[in-house]
Amino acid sequence: MNQDLRQAKRFTLNERRLLKRHGRSAIAIMAMHTLLCVLYFRQGYLQISVETGLALLAGVWGSLLAYQVLLVSGWTLKLREPSLSLFLILHFTLVFMVSGYYVDEFRLSAVTLYFAGLLLVSFRLSGRTMVGVALLGSGAYAIMLWLALNDRWIQLSFSVEALQWLVFSMIAISFAITGGGINRLRDTLEDKNRELAKAVEQVREMAIRDDLTGLFNRRHLLEILERQRALAVRKKLPFAVCYVDLDHFKQINDRFGHEWGDRVLRRFSQVAMAGMRDGDYFGRLGGEEFLLILPQSDELGAVRVAERLRKRWREESFGAEGGPAAVSLSVGVAAYRDTDTIDALINRADEGLYKAKSGGRDQSQVA
């Protein structure tokens, strides 16, 4: 069962992990664009001085690395849109248009990776926002062409440049429309993921809880004991157990009915849990038998805990409700020994319980 639950959890999405992938993808796109610009510069197609180019590179990568730090740190998780995708695509728009401004030839090729950026943010932004971003990119491309003409007096072929702008705009809008569909699919997947995570947790609770009392069931108690034993072997951490049994419980069922028996079990569970220390474990083995696991407790400490529980439960009365006037309990106590198996430890606690029963009940005894 636990293995199945672990496998199911692998299918649930982790927002922090997705943000890290988002950041790495942004860095990969910008790295490829940087490499392309370097190649264009070496071939003489990028009309920019070395000093200006290095300053632009420092600004681009400094801001992008700061963005990556925000994602990795988890600071953005508190925001409504933790990936900051709108900021990222605006950053990309500025960077790609500045690059295109300095290219006299192959201008469209210099901004081709902008579409990869659009695809990346489409997983996070709504369809309406994506269309707005695409229109902004189209306008930015037009402004870039206007500046190239007026500021640098480049002899442009209006028809060629207009055609390239039109191609850029059509591709950007197509990506935006497609991206809107991707975003809707992602929203649906997120909803399914939340439902799956909730279902996994519910299944886990069902697998480890007793139906009647809500306490840990026998299977989970044994798993906890195995973990405690491993800690005891590896780190020499002591622990003890208390085997608890409600006295004369069969008589309660016979005289008052099984409904009253169930009420007594539920009430005892509530009383026991109310007095639990942090880090202790309590569960139902079956019937009227319970097990209390006390990490970092020795035999003497476990006896004190058992006695507090016994005396507190002895004060409970059901007579006014038409049930038994009082129900006592007996406890067998055993502390873990280096040679113990889990079965041996439980058997020793059971021996202590037998001594408590044989000695008149309503008491705690050590095996």
Side-chain angles (χ1 to χ4, degrees), residues 5-37 53-99 111 113-137 139-140 172 175-176 178-202 204-205 278-279:
L5 291 174
R6 286 193 293 270
Q7 290 175 349
K9 286 183 177 180
R10 294 194 188 105
F11 290 100
T12 62
L13 300 179
N14 181 283
E15 184 68 16
R16 187 183 291 269
R17 186 168 66 247
L18 290 176
L19 288 179
K20 289 180 180 179
R21 291 179 181 176
H22 192 83
R24 288 195 296 266
S25 298
I27 288 178
I29 292 171
M30 192 54 65
M32 289 187 288
H33 179 68
T34 301
L35 178 60
L36 183 63
C37 289
L54 291 176
L56 289 174
L57 276 177
V60 169
W61 280 99
S63 57
L64 192 59
L65 290 176
Y67 168 78
Q68 178 72 359
V69 168
L70 288 176
L71 295 188
V72 172
S73 68
W75 181 86
T76 61
L77 288 171
K78 65 184 72 172
L79 303 178
R80 182 178 180 181
E81 208 294 279
S83 70
L84 300 176
S85 289
L86 184 58
F87 162 81
L88 180 64
I89 195 60
L90 292 177
H91 178 272
F92 276 8
T93 301
L94 178 62
V95 170
F96 283 104
M97 296 310 144
V98 169
S99 302
V111 298
L113 287 172
Y114 175 75
F115 304 125
L118 281 178
L119 180 62
L120 175 62
V121 300
S122 67
F123 288 94
R124 295 285 182 166
L125 300 180
S126 67
R128 181 176 299 179
T129 303
M130 285 295 297
V131 171
V133 167
L135 293 175
L136 177 65
F175 266 79
T178 304
I182 293 174
N183 185 263
R184 287 191 294 273
L185 288 175
R186 181 182 182 277
D187 288 342
T188 300
L189 179 59
E190 280 188 338
D191 292 339
K192 295 298 182 182
N193 176 66
R194 282 190 290 268
E195 293 175 6
L196 176 59
K198 184 178 179 180
V200 166
E201 185 61 28
Q202 290 175 343
R204 179 181 180 277
E205 284 296 307
D278 290 340

Evaluation steps, side chain to side chain contact (heavy atoms under 4.5 Å, CB included), between Glu81 and Leu86: CA-CA 9 Å; Glu81 208 294 279; Leu86 184 58; 5.9 Å; no
Shortest non-hydrogen separation from Phe175 to Met130 and the atoms involved: O-CE, 4.3 Å
Reported CG-to-CG distance for the pair Leu71 and Leu84, which is rounded to 0.5 angstrom: 6.5 Å
Pairs where residues 113-130 contributes a residue and the test side-chain hydrogen bond (donor to acceptor under 3.5 Å, both in side chains) is met, not counting sequence neighbours: Glu15-Arg124, Thr93-Tyr114, Ser126-Thr129
Closest heavy-atom pair and its distance - Ser25, Leu120: CB-CD1, 3.7 Å
Minimum side-chain heavy-atom gap Phe92-Ile29 below 4.5 Å: yes
Side chains of Val72 and Leu19 in contact at under 4.5 Å (non-hydrogen atoms): no
Leu88 and His22: CA distance, side-chain angles, deciding distance, side chain to side chain contact (heavy atoms under 4.5 Å, CB included) verdict: CA-CA 10 Å; Leu88 180 64; His22 192 83; 3.8 Å; yes
Value rounded to 0.5 Å, distance of CD1 in Ile89 from CG in Leu136: 9.5 Å
Nearest heavy-atom neighbours spanning Tyr67 and Ala26: CE2-CB, 4.5 Å
For Thr34 against Trp61, the heavy-atom pair lying closest together: OG1-NE1, 3.1 Å
Met32 side, atom CE; Met30 side, atom CE - distance, nearest 0.5 Å: 10.0 Å
Between OG on residue Ser99 and CG on residue Leu56, distance to nearest 0.5 Å: 8.0 Å
Non-hydrogen side-chain atoms of His33 and Val95 separated by less than 4.5 Å: yes
Plane angle bin for His91 and Phe87 - parallel if under 30°, tilted between 30 and 60°, otherwise perpendicular: tilted
Main-chain N/O of Val121 paired to Ser85 side chain as donor or acceptor, under 3.5 Å: no
Among Leu113, Val133, Leu125, side-chain contact (heavy atoms from CB on, under 4.5 Å) partner for Leu118: Val133
Test item: Lys198 and Glu195 side chains (from C-beta on) under 4.5 Å apart, heavy atoms: no
Minimum-distance pair of heavy atoms, taken over all atoms of Ala176 and Ala134: CB-CB, 3.8 Å
Gln68 side, atom CD; Leu70 side, atom CG - distance, nearest 0.5 Å: 9.5 Å
